[in-house]
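Treat the numbers as computed from the prediction; the structure is a model and nothing was measured. Here, residue 1 is the first one in the sequence, and each next residue gets the next number. Only heavy atoms go into these numbers, but all of them, side chains included; no hydrogens, no water, no symmetry mates.
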Amino acid sequence: MWLADGWKDYEVIDTSSGEKLERWGEYILVRPDPQVIWDTPHEAPQWKQKNAHYHRNSKGGGQWEFIDLPQQWKVSYRDLTFHLKPFSFKHTGLFPEQAVNWDWASGLIKKAGRQVKVLNLFAYTGGATVACAKAGAAVTHVDASKGMVSWAKENAAASGLADAPIRYLVDDCVKFVEREIRRGNHYDGIIMDPPSYGRGPKGEVWKIEEKIFPLLSLCTKVLSREPLFFLVNSYTTGLQPAVLSYMMELTIRNKFGGTVAAEEIGLPVSSNGLILPCGASGRYERV
């Protein structure tokens, strides 16, 4: 498992009964987590010191209970800074487990010894965008949500990257890649974090089981001749590490050589030393 254990402003304190107890900077949140299927005593005192609690309901949605939480606050990871705020369906605007992939991509960019162009698809609030730009890459950030793209700009500015070579686009990711192929544009690194299900700006339907393999194949056409890396993240049940690895072998390694690896990603739980699994990632790098 690839472990995001470099955080100082974030920790999973405890887990029990379908929920995780987290510290985000100075604030304590309780949020649901489908991986937490065990029921253990709430011995950590922070369970009673929470600043907010997201409660799931029987219909699959839910709502926040705010006790003492600002509308927005900041956390830092290494030399990166991110704005957080609670919004629909339990999220805060950041997936801290992805820090293990930020470190990996940043390390490759810094060691490349050349200008690196990165394409970040389904880029959300820009965690990977900010990390790659901080490492020296020129980044194209694409997401279908105008609000998420605006949030990514805020995160870049908070990390001192307001003037960095980042191009922000509100667009359907598949259609954008198709246009980049026609334009003859290429990238040294590609990152994608596709949702299980979603809709583009014009109502385009995305179902990951149907779309992910064709998109991987499509993206090989915008990779440079000697690509640096390719990263695929999955939070979808059924897209296990072995599936990600198989798809990347067929589409990317067979065309460019290099190596493919895939693992679960996770976060340490500070109360007991166990690891909370948080999805899977597939990595390609040209060696």
Side-chain angles (χ1 to χ4, degrees), residues 1-78 80-102 124-128 130 145 147-148 150-152 154-155 158-159 193 195-196 233 235-237 264-279:
M1 180 178 286
W2 292 325
L3 189 61
D5 57 359
W7 281 97
K8 294 181 179 178
D9 272 6
Y10 174 84
E11 67 175 310
V12 179
I13 302 167
D14 199 8
T15 58
S16 179
S17 305
E19 296 182 317
K20 55 189 174 187
L21 175 69
E22 309 166 290
R23 178 181 62 83
W24 295 81
E26 60 184 286
Y27 299 104
I28 304 298
L29 306 185
V30 177
R31 297 191 299 156
D33 192 303
Q35 299 289 345
V36 182
I37 61 174
W38 47 88
D39 184 9
T40 54
H42 287 188
E43 295 180 349
Q46 291 93 333
W47 285 105
K48 297 180 180 180
Q49 300 166 0
K50 61 193 177 186
N51 297 100
H53 189 164
Y54 188 90
H55 299 277
R56 294 292 301 271
N57 62 37
S58 58
K59 296 181 180 180
Q63 62 183 6
W64 283 97
E65 173 195 2
F66 297 115
I67 300 161
D68 182 19
L69 188 71
Q71 291 184 346
Q72 182 169 298
W73 73 105
K74 295 179 182 179
V75 297
S76 294
Y77 179 76
R78 306 195 192 282
L80 311 176
T81 299
F82 302 101
H83 288 168
L84 304 178
K85 51 190 172 185
F87 69 107
S88 61
F89 195 62
K90 78 181 181 181
H91 296 305
T92 65
L94 193 68
F95 291 92
E97 62 273 13
Q98 287 299 327
V100 69
N101 286 323
W102 304 340
Y124 195 52
T125 60
V130 172
S145 168
M148 295 301 104
S150 296
W151 196 336
E154 293 179 15
N155 284 334
S159 295
D193 197 347
S196 299
N233 294 307
Y235 292 91
T236 304
T237 302
E264 284 188 286
I265 56 175
L267 290 160
V269 181
S270 58
S271 65
N272 55 26
L274 299 179
I275 304 300
L276 178 65
C278 304

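- At most 12 heavy atoms of other shown residues, nucleotides or ligands fall within 6.0 angstrom of atom CD in Gln63.
- For the pair Asp39 and Ser16, the minimum side-chain heavy-atom distance is below 4.5 Å.
- The aromatic rings of Phe95 and Tyr235 sit tilted, their planes meeting at an angle between 30° and 60°.
- The distance from atom CD of Gln49 to atom CG of Leu21, rounded to the nearest 0.5 Å, is 9.0 Å.
- For Lys74, the NZ atom is loosely surrounded, since the number of other residues' heavy atoms within 6.0 Å does not exceed 12.
- Annotation: the span from Gln46 atom CD to Ser270 atom OG amounts to 7.5 Å, rounded to 0.5 Å.
- Screening residues 3-19 for salt bridge (Lys or Arg N to Asp or Glu O under 4.0 Å) gives Glu11-Arg23 as the qualifying pairs, with residues at least two apart or on separate chains.
- How far NE2 of His91 is from OH of Tyr54: 8.5 Å, rounded to the nearest 0.5 Å.
- The shortest non-hydrogen separation linking Asn155 to Thr125 is ND2-O, 2.8 Å.
- Using a 4.5 Å heavy-atom threshold, the side chains of Thr92 and Leu29 count as touching.
- The NZ atom of Lys20 sits 10.0 Å away from the OG1 atom of Thr15 when rounded to the nearest 0.5 Å.
- Considering only heavy atoms from C-beta on, Val130 comes within 4.5 Å of Phe82 through its side chain.
- Classified by interplanar angle (parallel below 30°, tilted 30° to 60°, perpendicular above 60°), the ring pair Tyr77/Trp7 is tilted.
- Closest approach of Pro86 and Pro70 over heavy atoms only: CD-O, 4.4 Å.
- Ala158 approaches His83 most closely through the heavy-atom pair CB-NE2, 3.8 Å.
- The minimum heavy-atom distance linking Gly6 with Arg78 is given by the pair CA-NH2, 4.1 Å.
- Of all the heavy atoms in Glu22 and Ile13, the pair that sits closest is C-CD1, 4.2 Å.
- For the atom pair Leu274 CG and Leu267 CG, the distance stands at 13.0 Å (nearest 0.5 Å).
- Here the closest non-hydrogen pair linking Leu94 and Tyr124 is N-CE2, 4.1 Å.
- Side-chain N or O atoms of Ser159 include one that pairs as donor or acceptor with a backbone N or O of Thr81 at under 3.5 Å.
- Taking the six-membered ring where the residue is Trp, Trp64 and Phe66 present parallel rings, their angle staying beneath 30° rather than reaching 60°.
- In this structure, Arg31 contributes its side chain and His53 its backbone to no donor-acceptor pair below 3.5 Å.
- Here the CD atom belonging to Gln98 is positioned 3.5 Å from the CG atom belonging to Asn233, to the nearest 0.5 angstrom.
- Using a 4.5 Å heavy-atom cutoff, the side chains of Lys85 and Trp151 are in contact.
- Counting only heavy atoms from C-beta outward, the side chains of Tyr27 and Leu84 never approach each other to under 4.5 Å.
- Without hydrogens or angle criteria, Trp73 side chain to Trp24 main chain gives a donor-acceptor distance under 3.5 Å.
- Taking the side chain as every heavy atom from C-beta outward, Pro32 and Lys90 approach each other to under 4.5 Å.
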